[in-house]
Amino acid sequence: MDSSPSSTPTERLPASPEAITRAGELLRHGRLVAFPTETVYGLGANALDEHAVAAIFAAKARPQINPLIVHVLDIARAEQFVEFGEKARRLAERFWPGALTLVLPRREPCPIAELASAGLETVAIRAPAHPIARSLLEAAGVPIAAPSANRSGRVSPTTADHVMEELAGESDLVLDGGACPVGLESTIVGFVDGSPVLLRKGAIPRAEIEAVIGPVAFPQGDVIAAPGMMKSHYAPGLGLRLDATDVTVDEALLAFGKPLPRTGGPTLNLSPAGDLREAAANLFGMLRELDKTGAKAIAVMPIPNIGIGEAINDRLARAAAPRDG
Ligand code: TXA
Ligand code: MG
């Protein structure tokens, strides 16, 4: 009998109170549970359990240099593990629970598994707002390390179906809580000598962060401060052609607002009304669907680079970047 984790059948349950209680037990026993957050689905493990955290890296085929986000209920819980500077505290007070991840120094001693932060002296931490994620944190009674519930380098899942496509056989349980309302990953802010740095554009627009703490810099030089932010990432199988002002017969079209004229051919519209929040919520699911059409490539209409549009364009640029292999 093969009892390796990859042979475990994945149970999928609607996120009822009973299912959440069971998921909490599984987490406490070192097992993996995928669950919805307001941004994307996460693949969770007990962040205090080195073996459970190692199982996440194996399930996702994720390089162990790429640290995970630790999920907690609130600032008080986060303070057990990390040190808040003044600006970090103001951000957490404004945006938690919500789609902001803070990269903060570990408090010593810190019981979070070393592997969760890939041996770094910082931990990426956030308090999610999604009621199912919060109930799961309460049921588990431990911090939950959870990257997005996709195989490494692929588009993040925004429905339980996507999680099954990515990780069937790898996660012990998938809690189905429907589609994620935001649809894009959290914004990540770190600090260098107390000054804020935008490590990943995300669900909370940069302007909203800057309204609270003033200017936020981009990472300097060729050091990739968030190790997961490789150039080619979030990649669907098909190539992307960005800022398309026309579309060929053999391309799929990802429209925004009034679609480009065409006769036939697969077309999906991120937001017919031109609403950027609606577009963010639809982005990853529509990329997945168009990927299955057998088209030659995906032509993507221009997306205004304002508000959450900055994060949408960031993900599209990564999805369009040349692949490493
Ligand atoms: O919305 C989200 O953030 C979702 C949900 C599930 O919470 N999670 C998510 O996790 O997107 P993941 O693992 O796909 O992305 C985490 C990012 C990676 O780019 C990683 O390199 C970065 O956070 N990161 C984690 N810990 C870090 C640290 N200590 N220093 C710098 N970057 C870190
Ligand atoms: Mg991810």
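Counting convention: from 1, in listed order, for ligands and their atoms alike. Each residue takes its place number in the sequence, starting with 1.
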Ligand 1 N/O within reach of [X] N/O, cut-off under 3.5 Å:
X    : value
S148 : yes
H71  : yes
K60  : no
R200 : yes
S186 : yes

Closest approach of V103 to A124 (non-hydrogen atoms, all atoms of both residues): CG2-CB, 3.9 Å
Filtering I125, T39, N66, L102 for the heavy atom nearest atom 5 (C) of ligand 1 leaves T39
Taking non-hydrogen atoms only, is [X] closer than 4.0 angstrom to ligand 1 via side chain, backbone, both or neither?
X    : answer
I69  : side chain
I188 : side chain
E38  : neither

Proximal atoms of ligand 1 relative to T122 (non-hydrogen, under 4.0 Å): 28 (C), 29 (N), 30 (N)
Can you sort out which atoms of ligand 1 are near L120, meaning under 4.0 Å from one of its heavy atoms? 28 (C), 29 (N), 30 (N)
Is it true that [X] and [Y] have a side-chain N and a carboxylate O under 4.0 angstrom from each other?
X    : Y    : value
E185 : R315 : yes
D291 : R288 : no
R22  : E11  : yes
E165 : R151 : no
K201 : D314 : no

Any chance you could measure H130, atom NE2, to L136, atom CG, to the nearest 0.5 Å? 11.5 Å
With distance as the sole test, does R134 use its side chain to make a donor-acceptor pair with the main-chain N or O of L73 at under 3.5 Å? yes
Taking 2.8 Å as the cut-off, does an N/O/S atom of S156 lie below it from the Mg ion (ligand 2)? no
